[in-house]
Amino acid sequence: MYVTRRQAFVGTGITLAAATVAGCAGYGDGPTQSGPAEPAGPAEPAGTAPSGGAAIAKVADVPVGSGVIVGDTVVTQPAPGEFMGFSSTCTHKGCTVNKIADGTINCPCHGSAFNLDGTVAKGPATRPLDAKTVAVEGDSIVLQ
Ligand code: FES
């Protein structure tokens, strides 16, 4: 577990360094800051660029091999440093999933269970949880 969190922070540091470089580059451009969107240099990989989205959880609060439910969003960490987001609305009849245990996201209404990647582990639900895009920013998980 310790190594896992350390790995997550290492990845976060890279993201922050990239953001800092991009931010500094923007300051040197003078008047273009007030104009329309300016080119920000090389494109960053999806899910790592600062989005200004809402922080919904701390990275340290999302266990590897499990996850957390925050309001209408489920955040999981199926593998170290790999975070996934989903709607907490069960795809069977619309109840709210309310528990993550033993590697599944569970719905209390009719017993559906979903794997940490959102796919159906056990019916009656027949389709995966709806995906939401989340990213690591600093020590937080941000909903984009
Ligand atoms: Fe979730 Fe039926 S609404 S199992």
Side-chain angles (χ1 to χ4, degrees), residues 1-27 32-144:
M1 290 293 185
Y2 175 76
V3 171
T4 298
R5 290 188 178 169
R6 181 178 179 144
Q7 288 172 335
F9 284 116
V10 168
T12 302
I14 291 169
T15 301
L16 286 176
T20 301
V21 169
C24 291
Y27 273 101
T32 59
Q33 289 180 351
S34 60
E38 65 187 72
E44 295 184 46
T48 60
S51 66
I56 57 172
K58 295 292 185 189
V59 169
D61 293 339
V62 184
V64 176
S66 188
V68 295
I69 301 169
V70 184
D72 61 358
T73 302
V74 179
V75 179
T76 64
Q77 188 176 189
E82 177 188 342
F83 295 92
M84 302 183 83
F86 307 98
S87 167
S88 63
T89 301
C90 179
T91 56
H92 177 230
K93 297 279 185 185
C95 288
T96 300
V97 297
N98 69 347
K99 186 176 178 183
I100 301 175
D102 299 325
T104 60
I105 305 159
N106 304 315
C107 180
C109 291
H110 312 101
S112 288
F114 302 87
N115 297 304
L116 298 179
D117 65 358
T119 57
V120 175
K122 179 180 153 217
T126 59
R127 67 178 184 87
L129 292 173
D130 292 333
K132 290 188 172 189
T133 302
V134 295
V136 175
E137 288 187 18
D139 63 351
S140 298
I141 303 293
V142 174
L143 181 63
Q144 302 197 321

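Ligands are counted one by one from 1 in listed order, and the atoms in each one are counted from 1 as well. Please read all numbers here as calculations on a predicted model, not as lab measurements. Along the sequence shown, residues are numbered consecutively beginning with 1.
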SG-SG distance between Cys109 and Cys95 under 2.5 Å? yes

What residue pairs, at least two apart or across chains, pass ring pair (Phe, Tyr, Trp, His ring centres under 6.0 Å) with a residue in residues 86-105? His92-His110

Under a 4.5 Å cut-off applied to non-hydrogen side-chain atoms, are Asp72 and Lys132 in contact? yes

Step by step, would you call Ile105 with Thr76 a side chain to side chain contact (heavy atoms under 4.5 Å, CB included)? CA-CA 9 Å; Ile105 305 159; Thr76 64; 3.9 Å; yes

CD1 (Ile69) and CG (Asn98) are apart, to the nearest 0.5 Å, by 6.0 Å

Residue-atom pairs from the protein, N, O or S only, that lie under 2.8 Å from atom 2 (Fe) of ligand 1: His92 ND1, His110 ND1

For the pair Ser87 and Leu129, evaluate side chain to side chain contact (heavy atoms under 4.5 Å, CB included) and give the outcome as yes or no after the intermediate values. CA-CA 6 Å; Ser87 167; Leu129 292 173; 5.7 Å; no

